[in-house]
Structures are given as structure tokens and as C-alpha cells.
Amino acid sequence: AEDGPKPAPVLDAGSSSSAAAAAAGDVDMKDADAGAAAGPSSAVVAGAQTGRYELTGVLTHKGRSADSGHYVAWTKQADDKWVLFDDDELHFKTAEDVLALNGGGDWHMAYLLMYKAVTVPEGAVPAAAAAAPKAGAAGDSQAQPMKAE
């Protein structure tokens with residue numbers, strides 16, 4: 001008899017994960033290759049979701065306890081520069097400053113992270129993918145329903 005709950009099933013994404021990682025429920029994630037469109041179902045579409053997210057803002061708390069301290073906002077601007085908004089003061093920061101937000105003691109601790117979905121840019125669509133017929137288009141024999149005779 002087994003004790004405890006059973007582990008959740010692991011999705012097999014065709015990876016060659018080790019047996020230990022599979023037993024632990026880990027899934028090996030891989031980047032999609034935009035240039036390897038195998039057919040209409042995998043065509044790259046401008047504006048499509050990539051599954052990636054870009055950090056655009058961080059709300060931090062600076063202080064030793066929740067009862068005392070100060071909240072500030074770090075935001076990423078369109079030119080990829082960061083600005084720290086501290087009440088009525090603005091401080092220009094670098095990406096390295098944001099990555100150094102490790103919290104603890106009198107230093108900033110991240111409370112809220114804001115992300116923006118990364119989409120496929122307009123110019124990134126390969127010519128072959130852009131010219132590929134849509135699924136279900138005329139002449140696509142795989143998309144035609146079978147009729148019972």
C-alpha cells in the first residue's frame with residue numbers, strides 16, 4: 001500500500017529528461033525554433049504569444065518589518081532604462097540594480113513583479129511561414145472531413 005498522495009502525471013514533451021527528473025515531476029522546457037515551421041499548424045504568426053515574459057516593474061518594500069518601512073516602484077521604460085519612483089523623487093537605475101534586489105534587513109524586498117507578454121515581432125515572420133496556407137484552406141486534404149458512404 002502506498003502512503004500519501006500520488007504524484008501528478010508528467011507531460012511528455014519529447015525531452016530526454018533523466019529518470020530522476022521525471023520522477024520528481026520536472027518538465028524540460030525548450031525554446032521554440034521560429035525558423036522550423038514544419039507546416040501550417042506550426043506557422044509563426046506576427047503578434048502571437050511566444051510563452052516568454054519580460055519584467056517591466058517591481059514593487060519593493062524597504063524596511064525590517066511589515067509594520068515599518070517604505071514602498072517604492074521600479075519601472076522599465078520603453079528605452080529599456082529603469083526608473084525608481086520613491087514618493088516625489090525619480091532615480092534612474094540600471095538593469096543590474098534591479099537584478100540586485102535580493103531583500104533582507106534594510107534593503108529592498110520585492111513584493112510584486114509586473115510582466116509583459118513577449119509576442120512575435122512583425123518582421124520576424126519567415127517568408128515560408130507567412131506564405132504557408134492556413135489549416136482548412138482549399139486544397140488541404142488533411143483538413144477535409146471524411147464522409148460516411
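Treat the numbers as computed from the prediction; the structure is a model and nothing was measured.
The closest donor-acceptor contact from the side chain of His70 to the backbone of Asp87 lies at 3.5 Å or more, if one exists at all. A donor-acceptor pair under 3.5 Å links the side-chain atoms of Asp79 to the main chain of Lys81, judged by distance alone. The backbone N or O of Ala48 sits nowhere less than 3.5 Å from a side-chain atom of Thr119 that would complete a donor-acceptor pair.
Distance CG/Leu99 to OG1/Thr94: 8.0 Å, rounded to 0.5 Å. Note that CD of Glu96 is 11.5 Å distant from CH2 of Trp82, once rounded to the nearest 0.5 Å. Distance check, rounded to the nearest 0.5 Å: CH2 of Trp107 to NE2 of His61 gives 14.0 Å. Separating the CG atom in Leu84 from the NE2 atom in His91 is a distance of 5.5 Å, to the nearest 0.5 Å. The distance from atom OH of Tyr53 to atom CG of Leu113, rounded to the nearest 0.5 Å, is 14.5 Å.
By the rule that hydrophobic residues join a cluster once side-chain heavy atoms approach within less than 4.5 Å of another member, Val72 and Phe85 end up as members of separate clusters. Leu101 and Tyr115 fall within a single hydrophobic cluster, where Ile, Leu, Val, Met, Phe, Trp and Tyr side chains are chained together by heavy-atom contacts under 4.5 Å. Placement of Met114 and Val118 in two distinct hydrophobic clusters is found when ILVMFWY residues are connected by side-chain heavy-atom separations under 4.5 Å, directly or transitively.
Pairing each heavy atom of Ala110 with each of Thr60, the nearest pair is CA-CG2, 4.0 Å.
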Verdict with supporting geometry, Gln77 and Val83, side chain to side chain contact (heavy atoms under 4.5 Å, CB included) | CA-CA 7 Å; Gln77 306 301 300; Val83 177; 3.7 Å; yes

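Looking at heavy atoms from C-beta onward, Trp74 lies out of side-chain contact with Leu59 at the 4.5 angstrom threshold.
Residues Thr56 and Glu54 have side chains that never bring a donor and an acceptor to within less than 3.5 angstrom of each other.
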